[in-house]
Amino acid sequence: MSTPVATKPIDEPATVTRDRRTARRLTGFMPLIALVALMAALTVADPDFLTQRSLTAALRTAAPLIVLAAGATLVVLCGGIDLSIAALASLSTVFLALWLPDLGGLATPAVIAVAATIGAVQGLAHVLLRLPSFIVTLGGMSILSAVALVVSGAGTVRVVDDSTVKWLDLYVAGYVPMSTAMAVLVVAVIAVILRVTPLRSWISATGYSESAARLAGTPVDLVKIGAFCVSGACAGFAAVMLVSRQFSGGPTMADNLLLPAVAAIVVGGTAITGGHGSVWRSLAGALVVTLLRVGLPIVGVPSAYEQILYGVIIVIAVALTLDRSKISIIK
Amino acid sequence: GCTEEQAGGAEAASEGACKPSDVKLVGQVRNESNPYEASWLAGGDAFAKSVGLTQERLTYAGDSTKQQEQINQILARDTECLVMNVLPNGDSDTAPIVKGADRAGAYLVTQWNKPADLKPAEYKTWVSHITYDGVESGQQIGDALIKTIGGSGGIIALQGVLDTAAAKDRFAGLQASLKKNPGVQLLDQQAANFSRAEALTVTKTLLTKHGDKVKGIWAANDDMALGALEALQQAGLTGKVAVVGIDAVPDAVRAVQNGTMAATVSSDGTWQGGIGLAIGFCVATGKLAVKDIAPDNRAFFAEQFLITKDNAADFAAPKTNPSDFECGNVFNRVAGPLK
Amino acid sequence: MQSEVVDTSRRHPRRGVSFRDAGPPAALVVIFVLFAVLSPQFRSIDNVQNIMDAAAVLAVVTCGITFVLMMGSIDLSAAGVMGASALTVSLLVANNRTDNDFGLLGIAVAIVLGCAFGCLSGLALVLLKVPSFMATLGVSAVGLGVATLMFAGVQPNVSDPMLKSWAIERFLGFSYLTWIAAACILVGWLVQRYTRLGRYAFAIGGAEEVLLLSGVRVKPYKVAVFALAGAFYGLGGVMVTSQLGAGLVQAGSGYDFSAITAAVVGGTLLTGGRGGILHSAVGVLLVMVLTNGLVQVGVSPYWQGGVEGLIVVAAVAAAVIPQRRRNQVVK
Amino acid sequence: MSETVPALEVRGLVKHYPGVKAVDGVDLVVRQHEVLGLAGENGAGKSTLLKALVGLVSPDAGEIYVRGRAVKLRSVVDAANHGIGMVFQEQSLVPNLTAAENILLGSEGGAVRRGVYRWETMRRLAQEQLDKIGSTIDPLARTDTLTFADRQMVEIAKVLRIEERSQHPPVIILDEPTSVLESKEIDTLFAQIRRLREIASVVFVSHRLDEVLDVCDRVAVLRGGRSVGEVAAAGAVPRDLHRMMIGSTGSDDHYHENAAVPVVAEQPRLSVRGLSGTSFRDVDLDVAVGEIVAIVGVHGSGREDVCRALFGAEPTTAGEIRLDGKRIDLSSTRAACAAGIGYVPAERKVEGMVGPMSVAENMTLTKQKARCAGPFVAPRKQAGLVDRWIQRLSIRTPSRDTAIQRLSGGNQQKVVLARWLVGGDIGLLLLDHPTRGLDIGARSEVYRLMRELAAGGVATVLLADSLEEAIGMADRILVMSDGRVVAEVACPSGGKPSPLDLVKEMV
Ligand SMILES: Nc1ncnc2c1ncn2[C@@H]1O[C@H](COP(=O)(O)OP(=O)(O)OP(=O)(O)O)[C@@H](O)[C@H]1O
Ligand SMILES: Nc1ncnc2c1ncn2[C@@H]1O[C@H](COP(=O)(O)OP(=O)(O)OP(=O)(O)O)[C@@H](O)[C@H]1O
Ligand SMILES: O[C@@H]1[C@@H](O)[C@H](O)OC[C@H]1O
Ligand SMILES: [Mg+2]
Ligand SMILES: [Mg+2]
């Protein structure tokens, strides 16, 4: 169609005062506020939860999720979705485990490069075949899983000599898990690159209004392929983290991280329809999701109630963090 | 500088120094929504109660990463006198659990899944690994199936989650059984992922594919066997095709009893849930010293029984009793060392 | 995450409606013929019945999801809602755990429960303004938790003869479940074509903001659509229980993504405003023919998932070729 | 009720947006059975005021009286119940519904009983509405299969449902309904407006002041959110209105013909041979350096698609395109941009701008060199450049960081145009209805800009808003019909053809 109407039918109340602006600024911090609130709640439920060791462990746990979510955030910002990240990470753990004996230290960059390539290929299929990313990556998910199953001989591939990936499982100064530091670094690098280059506005334009972006001469196709490529590379890097702590690779190792990763993105307040959001938000989102995943059972919530609470809290968290001033219609 | 361990935190107690009341018991399985694993947690609760403690029940929804996350978090707390009885999601999940527990000095018993070259004997607090011999059980029910169909004809196989040791070993057992019986033909094998629902559709499809040639169905666990039974009922073939499974869940034992299923193999969830905690508890409280545990008991196959119509009645109720968990008896059900 | 066609070629009146809609049915025919040629068992009457039986539950779930997709929303709650309804019905009809024997009433309660869960999703969307993606994911978790509570460690086995007969008895060669699915498709089609609810769902996907400008209150309709979808999932859970003869928490596992795949393969757009029940019915058949055919022709279980993914992507690609245009937006 | 009570009265209406006083204390009276024109520059506050009258904008202050009674209008339904309906500036139809459903949307009456559709009744009711305005479209056609103009007629048919809904003479508001219509359709619309005057009051907005004076009884003028007066239409001329709108006299030379530069025909910038695509065939087109070539034709002539094809946004099946003598391959919009081609699409909201992004970002989306140092964005350079163009085109915006969707239509259009100019490296500009929705002043500025660009050597292809505009601006006019170029008319300064000459060629 050709004639959507941009009119926001219900417009803001008339009082354009300072508190409105503060409120708007506050929405940027909402993911953080949600994080702190959740931590407080868990601590009340079980005072033991708020120890340095406990928090360090949670940070370490969150690292692969942060990286996965950060990469996929770019695809979401472009208005698409990448459902293949978890399967790709699983496949990458298999590759890494298989290649470590021969390639040693080169295995890590090799796996990341291969994962980036696979991501880019999906992006290419999405762009060239004009297929919804949902379908391309859903298909990609099954294909990558099948490949992982076959390549691994349907089993765990043990890593005997993990000396070249071990560094990722160390602690900086005893307190900061290296993997978490690296995850934050990945987020920071992506954020900085977006900030100082035109990429940020290209991605947003693509996400908000692809046809307008294209008619403005924005390299929409390249931007999308690039986003899928980075998403793939991040899946590869997350896989390296997993191998470094699992001492093995497995064809389904990371599969269950898909929904948590998407949840992390949305909880961070990035609009699932594209355009608005950031990788920082996804970082906070990943921490919220991790706290929910490990926190609820650890403070003693029984399994059935844990699921119910998870469902309720995650919905409330999104209700808090989503910056609705940028999106008039929520689907 | 970088360190391998995180700073701070509790020192593990020296072996055997724990007061019984200081011991913390943790049982971890996939979920509470299947009968087998629910019985595991119930067994754990029963044991904990018998020593005046409570079991912390953890479930991870079959999600490997979530299992690791929970273990990490548990180990980041006070690990003095911590005893864990863990069902690792897959082979690959065992190593990090073991290494974590070892570092933290928590007493650990694992069950079902572990890579062959990872050995409890090489660790201080990884007390034992318990499993059932999948090759044997696969073969036992294979043999029983073949006997039921009269030693010749076609069968189909429903495999478990393809990348688990249980699925692979059990299927290897079936293949061994088939080797001995050249008259029996494996018409088809499909993965139904240990799931009742998947087994139902796959079986229906295989029944139309192979028609009357199907005389028997070999399923790598009882859930799938029960799914296959439903498929047979829907195809009007109840009783005409023999079905076997593994796990001896109540419904399957009942089916064996009334003849709709040919055989299953006991793996006793209630016992598994209790025994892991019992072994750890005994070591933590000094009633058992790790160095005194026979090497063969550090990683062993537990006794399992083929259940057919003849002995099904004996298995209708769980055979676990409190005396199984006394420190002198904890290795009573050892059938042999892990191969 | 969605695919939207901004029709920039307003100057050409729509060429060949039939041509555009013909993609999925054509793909269905091609794939069917292909398998029929490759495998004599595949083309047997028995197998066709089998495919229809196997398609029944997916068809009902897809009916529900189609209305949600038509609005441009998404629904991932099927797994949880079906689990809860499966446990509910298995505990309310004659079974081995309780003394209940409510028969049809029990079935009705399970469907109403599904409806209530759907309502929850809808309310979270319109009141809390949480994107449906997340709202339904949360509701799914809640559903699974509720189901686990009801499960309480012991498998409820159904002995109700009526419920069990649904999966076993046949009428004109097809099981009752298949007929129930057919009835759902008919009802769905009537709702879509002849009721305000159906047409507004379609319109909301086309241009929600215009409805607002026209003074239509869309919120009640959105909630109603999710509730309708929930009722279909509830029925789906009942049907699975009938098939399996027992109430499983996992009764709905995998149906969420399969149903979306089926709907999209059938030509429903994830951005809404296009497609419908009949499209989805074709999509369901396509997916089921594929799953069945791959087993019939003997593709290794290791590869089945991968091959299926590949064919789904190819089928959607083939189906969109007639609509492919320069500067068409696909998300 | 007395005939002298105004149908609608607004007193001291105020609506402020962050940084903008959109409506700043407006008084307005709409008498019964009159057609009231509303004139004002882009951003003067017309649409905001009118939206307040149908409950879409909640005013910060002020009263609204309907037939003498003070009312609070909270929603479109509220307004409709008071007999006020509006056709919005942006088309607002649901594309995937039938025309009939759109016409009856929200007030289905007998066509929907207890939630169930009665298609036959619906068709009949919709047909009645369409008959009123003499539209011949099929009520059951899907709206997105209709032409733009037909859709506009559907909107008008829709708003006329108000007649059926209210017992009192309704007030019907038409916000720039003619900007996308062609002269024949405009004539039909005006006939309707005149018919409506017998039974209703009409508020009519257009930037074509002659139109306003033609159809209205009285014209109220807004400037900067305030009422600045009104004139009786009879006897007034556009200049009078214009003076009130901007507070001074505009230039007479609307099309800036004195700034036109002679074209050097030997220097072709664009040369197209035998271009064919889905909706056009064998198009030959030459545009010289500094030349403005207009293409005219009715809907369906294929001229928009030719334009898009020249920007790589529409596939071609045959033909050759040369730019400055070099053959170029326009397989994507990127390629076109790289070759120095710019394009301003007709449908600004969807294709021209990225609504939630800022004026600055929208303006610099294309031209990296203009805002970057190497691969990096240079914020100061970007800001300076953007501010310069905001000033140069007098774009009315609180700041360069304001989301473009908060600007008035005309100002949005200027930003889109500026996008191609910030780089200073454009060789060929393709303008699809560049002045759609612009006020006279803004138009005049756009024309001046076009002249300036032409003088600087930019070749321009113009799909004009009206024949007058084509004639006024072009050096040469091509006539397209049914996908082919059927005539070429020279259009030099001083020797302009008359609109009639062109119409002859078009049929
Ligand atoms: N005479 C009628 N009786 C009943 N319904 C009608 C009638 N005419 C139109 N409709 C409705 O109008 C809709 C639009 O018709 P059309 O065939 O153009 O689109 P569609 O088939 O629904 O959409 P798509 O082509 O995207 O699948 C139809 O789906 C139908 O619901
Ligand atoms: N939703 C909004 N938020 C912020 N500012 C707005 C909004 N809507 C309108 N404005 C501002 O209010 C002023 C009046 O806009 P309005 O659309 O009423 O002008 P107009 O007279 O209709 O102009 P045009 O002739 O271009 O349509 C403009 O400066 C515009 O930027
Ligand atoms: O049924 C059991 C299955 O759930 C688990 O994965 O492995 C052992 C099986 O017996
Ligand atoms: Mg159709
Ligand atoms: Mg306006």
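Atom set for the values below is all heavy atoms of this structure, side chains included, hydrogens, waters and symmetry mates excluded. Each chain gets a letter, A, B and so on, in the order its sequence line appears, and its residues count up from 1.
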Practice item. Heavy-atom distances under 4.5 Å only: say whether D:Phe311 touches chain A with side chain, backbone, both or neither. Key: side chain
Review point. Nearest 0.5 Å, what's the CZ-CG distance between D:Arg334 and A:Asp221?
Key: 10.5 Å
Review point. Can you say whether D:Arg348 sits under 4.5 Å from chain A via the side chain, the backbone, both, or neither, judging by heavy atoms?
Key: neither
Practice item. Looking only at non-hydrogen atoms, find the nearest pair between A:Pro198 and D:Pro375 and report the distance. Key: CD-O, 3.4 Å
Exercise for review: Please round to the nearest 0.5 Å and tell me the distance separating atom CD of D:Glu361 and atom OH of A:Tyr208.
Suggested key: 9.0 Å
Point to revise | Side chain proximity check, D:Leu365 to A:Ser201, heavy atoms < 4.5 angstrom | key: yes
**Study point:** Test item: D:Thr366 side-chain N/O and A:Gly217 main-chain N/O as donor-acceptor pair under 3.5 Å
**Key:** no
Review point. Are there more than 12 heavy atoms of other residues, nucleotides or ligands under 6.0 Å from atom NZ of D:Lys381?
Key: yes
Practice item. Compare all side-chain heavy atoms of A:His276 with those of D:Pro356 and state whether any distance is below 4.5 angstrom. Key: no
**Study point:** Part of D:Pro345 lying under 4.5 Å from any heavy atom of chain A
**Key:** side chain
Exercise for review: Please examine the side chains of D:Val350 and A:Ser209, heavy atoms only from C-beta on, and report whether any two atoms are closer than 4.5 Å.
Suggested key: no
Check your understanding: What do the steps show when you test A:Ser204 against D:Val354 for side-chain contact (heavy atoms from CB on, under 4.5 Å), and what is the final call?
Key -> CA-CA 9 Å; A:Ser204 297; D:Val354 184; over 6 Å; no
**Study point:** Atom of A:Ala216, atom of D:Cys337 and distance for their closest heavy-atom approach
**Key:** O-SG, 4.2 Å
Check your understanding: Side chains of D:Thr333 and A:Leu215: does their closest heavy-atom pair fall under 4.5 Å?
Key -> yes
